[in-house]
Structures are given as C-alpha cells and as structure tokens.
Amino acid sequence: MQYQETGGTSPVVQPRCPAPTVDVDRSDPHYRAWLKEAVRKVQADANRSADTHLLRFPLPESWGIDLYLKDESTHPTGSLKHRLARSLFLYGLCNGWVRPDKPVIEASSGSTAVSEAYFAKLIGVPFIAVMPRTTSREKTRLIEFHGGQCHLVDDPRTVYEVSARLAVETGGHYMDQFTYAERATDWRGNNNIAESVFEQLRLERYPEPAWIVATAGTGGTSATIARYIHYGQYDTRVCVADPENSCFFDGWVENSAEVSCDSASRIEGIGRPRMEPSFVPLAIDRMMKVPDAASIAAVRALEQAIGRKAGGSTGTGLWSALKIVAEMVERGEHGSVVTLICDPGDRYLDKYYSDAWLAEQGLDIGPYSAALDGFLGTGRWPRH
Ligand SMILES: *Cc1c(COP(=O)(O)O)cnc(C)c1O
C-alpha cells in the first residue's frame with residue numbers, strides 16, 4: 001500500500017512516500033538487432049524486385065475494348081502471394097509476432113506457403129505449411145525447396161485449427177493469412193497491386209478501367225483493389241469471380257458471414273469453405289459463379305491467345321472478364337477491363353492441362369471452349 005487512508009467521514013489521502021514507477025523493460029538488444037536486420041532483408045528483397053507486367057489479351061480492334069492481364073506469375077516465388085507474403089512478414093515482424101528461431105506456421109492451399117517459405121528462409125526462421133492433402137505435388141516440392149516443411153491434412157476445413165495448435169506447441173507464430181491479408185496490405189498505395197495497375201494504364205487509351213476482375217482466396221487482393229478505387233475516387237467497378245466449391249458467392253449475395261461449403265475447391269488458390277475474415281464483401285460491386293470447366297476452358301484459351309500457361313484461378317477471372325467484355329460489346333461500350341494472371345501453369349500440368357485429370361473429375365470443357373471460340377470470333381456470348 002502506497003497511500004494511507006485516514007478513517008472517518010472525509011477521507012484524506014496522505015502520501016506516506018512517493019509511489020514508485022512501475023517499469024518492466026523487456027527490450028532485448030539482440031532481438032532488436034535481429035528485427036532490424038530481418039526487416040531490412042525483406043525490404044531489400046522488394047527493392048531488388050521489378051514490377052510485374054501488364055499484358056494485353058488480343059481482342060478484335062473493331063470492338064474498341066482493351067483487355068489487360070496483370071501478370072503476377074513473374075514474382076520471384078511465382079504468384080500474387082509474393083506480395084501478400086511480404087506484407088504478412090513485415091506486419092508480423094513489426095508487430096513483434098515473428099521472433100528469432102521461432103517457426104512461422106501457415107494454413108494454406110499452397111501458393112502462400114511457397115512465398116512464405118521463401119521469406120522465412122530469407123530472414124532465417126523455420127516454416128511449416130498446413131495444407132490439404134490434395135495440394136499439387138509441385139507446390140509441396142517448392143515449399144520444401146525453400147526450406148519449408150509440409151504438414152498435410154485430410155480434411156481441408158481443419159487447416160486453421162491444426163495451424164493454431166502447431167503454433168502453441170512450437171511457440172511459433174500462426175501467420176493466419178485468411179484473417180490478416182486485408183489489413184497487412186497497404187490499401188492506399190505503396191505500390192500495391194491496384195496502384196501498380198493504374199500507373200501502368202496511364203498512357204493507354206482507356207486509362208481508367210471500366211472493370212477489374214479478381215478472384216478470391218483470402219479476399220485480400222479484391223479488398224485492396226476495391227479500397228484503392230474508392231479511395232482514389234475512380235469509377236472502376238470490381239467483380240469477383242468465384243469457383244464452384246466456394247461459399248463466397250452465396251455469402252456475398254445473402255450478405256451473410258454464416259454460409260459454408262462442404263467440398264474443397266478444385267481451383268487451387270481460390271474458393272473457400274467459410275467466409276474468410278479478409279474477404280470484404282461490401283466493397284465488391286459484382287460477383288460471378290464460374291463453373292470449374294469454364295475456368296479451365298478459359299485458361300487453355302489464354303495459351304492460344306498469348307502463348308502462356310497459367311493456373312486455374314487465372315481462368316476463372318478471365319472467363320468473367322470476357323463475359324464483361326461481351327456485355328460491353330453488346331451495349332456498344334468502349335473501355336478497358338483488367339484481370340490477373342495469378343500464377344504460372346507449369347504448377348498444374350497434371351491437373352488443368354491434363355485431359356486424364358479432367359476425365360477423372362468428370363469435367364467437360366468442350367462446350368465452354370466452343371463458347372469462347374465463338375465469342376472471340378463473333379463478339380457474341382452464347383445464350384444458354
Ligand atoms: C491466393 C490466390 C488467389 C486469390 O488471391 P487472394 O488475395 O488471396 O484473394 C488467386 N489465385 C491464386 C493462384 C492464389 O494463390
């Protein structure tokens with residue numbers, strides 16, 4: 001007791017001696033030196049990196065519409081998750097969550113884990129990826145290549161709790177991309193994906209796109225793009241394309257966070273069983289539910305159009321972007337539309353580029369490929 005209270009009706013506080021300052025100093029010069037060095041290494045990696053290209057998808061000149069692809073497959077770890085992993089590591093480091101020698105753990109369908117394994121190695125901490133067993137073999141190989149460890153689970157819905165448990169057991173940090181993606185990313189600028197796209201469109205004939213089409217895994221990319229557009233007072237609209245096995249579309253339509261989906265998405269990187277905290281539905285203008293066979297038909301059409309293979313999610317976005325282009329053609333509107341190449345196709349040769357896999361999955365891309373061919377030839381989107 002530092003103060004003594006006298007009895008009676010009017011208590012008088014009488015300091016007997018000055019109250020000592022309570023002071024707990026946990027600052028550790030070794031940790032702070034490590035932190036400084038870790039942040040420098042992550043920033044230096046960004047400083048050495050070039051921006052990603054904004055490619056053009058060829059459309060007939062007479063349409064007066066330009067379709068662009070932001071090629072996120074050329075990051076050092078091959079996907080748009082390179083941006084996210086960098087942001088999450090900086091956020092975790094600056095928050096004091098990522099500590100020397102303590103593992104970083106992540107629940108991932110693969111791409112984030114590949115990029116995080118790279119950054120974990122860069123700053124010298126162990127990395128464990130908790131992933132569905134169905135994740136492509138090439139991704140587990142890449143995680144291991146970057147020095148990460150793969151912890152495979154049978155039920156994709158358990159990745160969150162397994163990650164949290166591993167973090168407790170190891171004293172490590174569960175990065176939790178599905179919660180933190182939207183807030184770890186600088187949405188106002190700092191060369192985020194949206195700022196980069198708008199900067200690269202500056203000298204185009206339609207520099208302010210009518211639409212940007214994204215897909216959603218964490219939801220972070222679509223949140224960043226939408227917020228940036230609103231903040232910059234642009235008229236651009238944001239469409240999110242959702243694959244078959246995902247609850248985002250229903251959750252957005254019903255404006256409910258309670259929806260769920262029981263089957264795992266076949267389109268790696270996108271489509272989730274629950275409404276992820278990083279998905280910001282009210283910032284999104286429009287959503288489309290895209291059949292998986294359409295996504296795969298579109299990503300194969302991409303190769304015919306620009307000579308590049310990409311992952312399934314690129315096809316999901318491209319299918320929606322082409323549908324929007326078709327609507328613009330029908331209305332006689334001119335302008336530009338942007339979508340993303342999310343990751344490269346060489347990770348999926350035995351999946352989206354394998355006819356045996358398609359047959360095994362019962363996917364018939366024939367009608368969708370014919371629809372795309374017809375559209376690109378005539379400008380008319382087939383009616384069903
Ligand atoms: C994560 C991911 C997406 C979606 O990005 P989010 O920002 O997480 O919504 C799309 N495609 C691929 C291949 C991905 O890995």
Side-chain angles (χ1 to χ4, degrees), residues 52 69-75 77-88 106-118 129 131-132 135-136 138-139 142-143 159 175-187 192-194 197 212-228 238-243 246-249 251-252 265-272 274-281 283-284 287 290 292 295-296 298-299 302 309-321 339-348 351-352:
T52 59
L69 299 150
K70 179 66 168 160
D71 184 4
E72 294 290 289
S73 72
T74 59
H75 286 291
T77 56
S79 82
L80 77 178
K81 291 302 184 336
H82 197 79
R83 290 181 195 272
L84 174 62
R86 177 188 293 141
S87 298
L88 287 169
E106 184 64 289
S108 173
S109 64
S111 295
T112 304
V114 174
S115 301
E116 286 178 343
Y118 169 92
M131 303 187 296
T135 303
S136 74
E138 181 58 11
K139 280 195 200 153
L142 283 167
I143 290 160
V159 290
M175 200 67 116
D176 195 359
Q177 57 167 334
F178 294 106
T179 299
Y180 293 104
E182 56 88 6
R183 66 193 88 158
T185 304
D186 295 322
W187 56 273
N192 66 35
I193 188 169
V197 165
I212 298 182
V213 180
T215 49
T218 64
T221 303
S222 54
T224 301
I225 292 171
R227 288 163 168 174
Y228 183 86
V238 176
C239 174
V240 171
D242 206 30
S246 174
C247 72
F248 285 142
F249 180 85
W252 182 84
S265 175
R266 283 186 290 208
I267 307 297
E268 283 195 37
I270 63 169
R272 301 297 308 163
R274 64 170 199 187
M275 290 294 274
E276 301 295 353
S278 262
F279 179 66
V280 183
I284 310 296
M287 284 197 70
V290 178
D292 291 350
S295 297
I296 296 160
V299 82
L302 176 76
K309 285 190 172 70
S313 67
T314 300
T316 313
L318 180 59
W319 176 270
S320 294
T339 186
L340 320 177
I341 296 181
C342 303
D343 67 349
D346 52 16
R347 293 179 177 181
Y348 310 103
K351 245 179 161 171
Y352 312 126

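Position 1 is the first residue of the sequence; numbering continues from there. We use all heavy atoms of the structure for the numbers below, so side chains are in, but hydrogens, waters and symmetry mates are not. Whatever order the structure lists them in is the order used to number ligands and atoms, beginning at 1. Source: prediction; values computed, not measured.
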Can you see whether Ser115 engages Thr77 through a side-chain donor-acceptor pair at a distance of less than 3.5 angstrom?
yes
So, Glu72 and Thr52: side-chain donor and acceptor under 3.5 Å apart, yes or no?
yes
Do Tyr228 and Ile193 make a side-chain contact, defined as non-hydrogen atoms from C-beta onward lying under 4.5 Å apart?
no
Is there a side-chain contact between Thr339 and Ser320 in this structure, where contact means two heavy atoms from C-beta onward sitting under 4.5 Å apart?
no
Only counting residues at least two apart or in another chain, list the ones meeting side-chain contact (heavy atoms from CB on, under 4.5 Å) with Thr314.
Val299, Leu302, Ala310, Ile341, Cys342
Taking the side chain as C-beta and beyond, is there a heavy-atom pair between Thr135 and Glu268 under 4.5 Å?
yes
N/O contact list for ligand 1, threshold under 3.5 Å:
unit_1	atom_1	unit_2	atom_2	d
ligand 1	7 (O)	Thr218	OG1	3.4
ligand 1	7 (O)	Thr221	N	2.8
ligand 1	7 (O)	Thr221	OG1	2.5
ligand 1	8 (O)	Thr218	N	2.8
ligand 1	8 (O)	Thr218	OG1	2.7
ligand 1	9 (O)	Gly217	N	2.7
ligand 1	9 (O)	Thr218	N	3.3
ligand 1	9 (O)	Gly219	N	2.8
ligand 1	11 (N)	Ser313	OG	2.7
ligand 1	15 (O)	Lys81	NZ	2.7
ligand 1	15 (O)	Ser111	OG	3.3

